[in-house]
2 protein chains.
Amino acid sequence: MSETRTQPDTRERILDAAERLFMESGYEGTSMRMITGEAGVNLAAVNYHFGSKEALLREVFRRRLNWLNAERLRALDALEAEAQGGALKPSAILEAFFGTLLKMGRDQSLGGMTFLRLLGRTLTEPADFIRAFFAGEYAEVIERYKKALFRALPEVPPEEIIWRFHLMLGAMSYAIAGTDALQVITGCEVDMNNDGPDAAQLLEARVMPFLLGGLRAPLPQFQLLQVQQSKPEPTKAA
Amino acid sequence: MSETRTQPDTRERILDAAERLFMESGYEGTSMRMITGEAGVNLAAVNYHFGSKEALLREVFRRRLNWLNAERLRALDALEAEAQGGALKPSAILEAFFGTLLKMGRDQSLGGMTFLRLLGRTLTEPADFIRAFFAGEYAEVIERYKKALFRALPEVPPEEIIWRFHLMLGAMSYAIAGTDALQVITGCEVDMNNDGPDAAQLLEARVMPFLLGGLRAPLPQFQLLQVQQSKPEPTKAA
DNA sequence: GGGTAATTCAAACGTTCGTTTCAATCTTAT
DNA sequence: ATAAGATTGAAACGAACGTTTGAATTACCC
């Protein structure tokens with residue numbers, strides 16, 4: 001009747017529906033009709049408000065990554081201010097980088113576990129425009145954290161640090177996105193299916209020690225590889 | 001004179017093209033016309049030889065996973081025979097599981113790095129039939145290795161081992177599949193782009209120490225979590 | 001060499017995709 | 001109240017999708 005104020009922000013309804021569906025079915029596996037159907041809006045609304053399906057995906061991420069990027073930089077700034085020019089502890093850097101991520105999983109207004117899973121899953125999407133988008137969004141933050149890790153681990157060759165950063169991102173992404181995928185493979189249900197604060201807390205308690213253990217693992221034998229890649233700097237014993 | 005080769009390798013040409021294209025563009029992002037075009041065969045050939053696109057994907061994996069599964073079981077059998085009933089070293093178990101995988105990357109006749117990347121990427125595909133297929137293909141091998149890890153690490157709670165198995169799979173998959181995806185994000189090129197033996201060897205030297213370090217990392221604080229998990233009731237949420 | 005099955009081929013099938021159109025409706029400021 | 005602009009609605013667009021058809025061609029066995 002008169003209270004049917006049918007304007008609960010069409011844009012937000014579309015973004016919420018798209019976030020959930022992209023997470024569940026992937027970008028190519030989600031159609032515009034699925035999105036507008038779940039959002040309860042007209043099919044043409046997506047193209048009217050966002051321009052295209054690609055632009056919609058970008059906006060889905062932008063409204064979350066703005067906060068994530070800013071918060072990650074803020075956390076690193078705080079650490080560096082506290083250290084007063086000294087090197088940071090690797091565990092503190094990981095806590096700032098991944099802890100900030102997991103904080104999103106606990107806060108429904110920041111997207112919660114839904115966005116975390118979408119993020120982890122989308123990093124492996126093969127579409128070119130998606131990869132290009134992420135490269136641009138992440139560049140500054142990754143650069144800052146990479147340099148912090150270089151300073152925190154001066155005895156580890158930078159290339160090795162980059163590799164392990166790589167591997168930590170992969171482990172974390174799978175732990176988040178592979179909630180049902182990999183746990184089907186491992187044949188055992190780990191109780192991170194439920195959304196909300198518990199899932200993110202469990203995740204943090206389980207994953208952070210693993211990441212730190214991997215980061216601080218003994219270095220591989222470099223003699224052979226160093227020759228192959230013709231890097232002049234020798235390995236410092238560790 | 002080919003007595004058993006009744007086909008002019010049309011089947012193999014399709015499988016090779018599909019393997020490469022699925023790796024590059026994903027399942028949904030690869031069309032039948034792309035596959036038959038690259039294979040140089042007629043569009044109808046896929047449905048004639050395999051029945052459907054889904055069945056083609058399954059066959060692409062089956063011709064590789066048959067070897068991988070058998071070899072992984074054989075490697076574990078050899079370890080257990082050598083141990084004569086004793087527990088295995090965790091590093092040996094990882095070497096058997098992931099070393100076998102990386103052996104495929106070095107052998108072009110087993111699919112090489114192309115198949116490895118396809119495998120890592122497909123594990124995150126959201127399509128239901130893909131997940132169901134992998135669950136069936138992997139079940140036996142995962143079960144065997146899980147039990148071996150339980151015996152090798154009796155002081156670690158089984159659920160924690162499963163989690164870390166999870167995380168190791170994720171790190172390895174990203175290291176393989178994320179060749180260009182994540183290295184764009186990290187903004188630094190790691191030279192695993194080239195196929196062939198070198199890439200797999202580099203991968204092994206870099207990744208295995210990381211995985212072992214994560215697996216043997218100190219356990220998290222369990223007091224709080226243990227209460228939640230010691231209760232046998234599952235508390236499943238929708 | 002003829003008969004039979006296997007395979008290839010061009011063409012079309014029906015469906016779904018993202019996108020566009022344009023009239024109808026709602027919002028807002030004058 | 002009314003004009004102007006913003007938003008929504010129903011319908012259709014052309015293209016691309018996976019799949020099917022039926023005739024033409026090839027390979028194989030007796």
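Owing to the predicted nature of the structure, the values given are computational and were not obtained by experimental measurement. Naming: A, B, ... by sequence-line order, numbering from 1 per chain.
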Rounded interatomic separation in angstrom, taking CZ from B:F50 and P from D:dT20: 16 Å
Whether A:Y27 and A:F22 hold their rings parallel, tilted or perpendicular, with breakpoints at 30° and 60°: tilted
Under-4.0 Å salt bridge between A:D128 and A:R131: yes
Under 3.5 Å, which N/O atoms of the protein pair with N/O atoms of nucleotides 16-20 of chain C?
from   : atom 1 : to    : atom 2 : distance (Å)
C:dG18 : OP1    : A:T30 : O      : 3.4
C:dG18 : OP1    : A:K53 : NZ     : 2.6
C:dG18 : OP2    : A:M32 : N      : 2.8
C:dG18 : N7     : A:R33 : NH1    : 2.9
C:dG18 : O6     : A:R33 : NH2    : 2.8
C:dT19 : OP2    : A:N47 : OD1    : 3.4
C:dT19 : OP2    : A:K53 : N      : 2.9

B:L56 CG - D:dG18 P separation (whole Å): 11 Å
Distance, rounded to the nearest Å, where B:I35 contributes CD1 and D:dA16 contributes P: 17 Å
Salt-bridge contact B:E59-B:R63 (side-chain N to carboxylate O under 4.0 Å): no
OP1 or OP2 of C:dT8 under 4.0 Å from side-chain N/O of B:H49: yes
Donor-acceptor contact present, side-chain B:D107 to main-chain B:S109, <3.5 Å: yes
Base-paired stems in DNA chain C, each at least three Watson-Crick or G-U pairs under 3.5 Å: C:4-30 with D:1-27
Aromatic ring pairing B:F61/B:F134, orientation class (parallel under 30°, perpendicular over 60°, tilted between): perpendicular
Under 3.5 Å donor-acceptor, A:R117 side chain and A:M23 backbone: no
Side chain B:N69, main chain B:E137, donor-acceptor under 3.5 Å: yes
Expected output: side-chain B:K53 to main-chain B:T30 donor-acceptor under 3.5 Å: yes
A:T10 side chain near D:dT8 phosphate (N/O to OP1/OP2, under 4.0 Å): yes
